[in-house]
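The structure appears right after this line, and notes come after that.
The shown structure was predicted, so the numbers you read here are calculated from the model rather than taken from an experiment. Residue numbers count from 1 along this sequence. Note that ligands are numbered from 1 as they come in the structure, with each ligand's atoms numbered from 1 the same way.
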Amino acid sequence: MILSGKARLAGVMGWPITHTRSPRLHGYWLRRYGIDGAYVPLSVPPDGFERALRALPLLGFRGANVTVPHKEAALALCDRVDPLARRIGAVNTVVVEADRSLTGSNTDAFGFLENLRQGATWRPGGPAAVVGAGGAARAICVALLDAGVPSLRIVNRSPERAERLAAELGAIAVAVPWAERGACLAGAALLVNTTSLGMTGQPPLDLALDDLPGDALVNDIVYAPLETPLLAAARARGNPAVDGIGMLLHQARPGFEAWFGTRPQVDEDLRRFVLGEPPP
Ligand code: ATR
């Protein structure tokens, strides 16, 4: 894409940033919609994050995504933070306003729910079991509560983290000891893995699905590989399953619309392109 002097600019700040697929994703949309704009990887170390974030208006950026390890710092630094991001405790999308102030939001919850809705006919009818209690789990639990799940079971290797998250979410959420991770699947309508277990180079998630109802939906936020051992085991016993790449694709949509002025669509072509090999 040849840029003009009026090109709209956005990017993603992270450390490290070399493995990000976001420039590929936004680059695809910029080309598809013929937009005079660019979305670039911004390698920003933690001790430079505040200066880099505050420099966005000065550099003429419309905004940026923020990823590991800056999401909590972004929450503290934005001039305005939407209530959902505050509840999640992290900002992943920053918009530079006309007066050059910074508005922070969190689109991970939206991305998670849109992925479930596009990948399956999911309705928040029964209890949800969430494995993990880190940053991704926080966004997913808040999304599930807002979507109307009747109860949440949070199971995490470190019990205190699950207990803290459950306490913050209120009476609807309970922390489940790691040893009871299989048993807590009884009666669940949804199972989500929010940990990195099952990712290429990581051990698989050690979770027996015997107690999971046959019609429960299983979702993994890991998307490399697309078919994780958890999803394969779920499909093998007949459970519906949704892979994790859609969460990445959908969480990017609100930012793209705010910066570039077009509401982008997620379809099979985009999925294939983002999953394809990045150029060497
Ligand atoms: P993210 O922001 O991506 O969620 P995180 O905050 O580091 O990352 O959280 C990682 C999650 O994966 C945590 O729930 C972590 O469990 P602990 O709280 O016990 O650390 C979980 N996790 C990572 N490696 C794990 C492993 N080998 N076994 C079980 N859980 C693991």
Are any of the N/O atoms in Trp178 less than 3.5 Å from those in ligand 1?
no
Say whether Thr195, considering both its backbone and side-chain N or O atoms, lies within less than 3.5 Å of an N or O atom on ligand 1.
no
Between Ala137 and ligand 1, is there a nitrogen or oxygen pair with a distance under 3.5 Å?
no
Looking only at heavy atoms, is any part of Arg161 under 4.0 Å from ligand 1, and if so is it the side chain, the backbone, or both, or is it neither?
side chain
Is the shortest side-chain N to carboxylate O distance from Arg32 to Asp269 below 4.0 Å?
no
So for Ala133 against ligand 1, with non-hydrogen atoms under 4.0 Å, the contacting part is backbone
Ligand 1 and Gly135, any nitrogen or oxygen pair closer than 3.5 angstrom?
yes
Would you check whether Ser196 has a nitrogen or oxygen atom less than 3.5 angstrom from a nitrogen or oxygen atom of ligand 1?
no
CG of Asp243 to CG of Leu275: how many Å apart, nearest 0.5 Å?
7.5 Å
Between Arg164 and Glu168, does any side-chain N to carboxylate O distance fall below 4.0 Å?
no
Answer yes if the side chains of Arg253 and Thr107 hold a donor-acceptor pair under 3.5 Å, and no otherwise.
no
Is Leu217 isolated, or which residues cluster with it under the ILVMFWY side-chain rule of less than 4.5 Å, directly or via members?
Leu84, Ile88, Phe112, Leu113, Leu116, Trp122, Val130, Ile140, Val142, Leu144, Leu145, Val149, Leu152, Ile154, Leu165, Leu169, Ile172, Leu190, Val192, Ile221, Val242, Met247
At a non-hydrogen distance cut-off of under 4.0 Å, which region of Val68 contacts ligand 1 (side chain, backbone, both, or neither)?
neither
Indicate whether the side chain of Ser4 and that of Asp36 have a donor and an acceptor atom separated by less than 3.5 Å.
yes
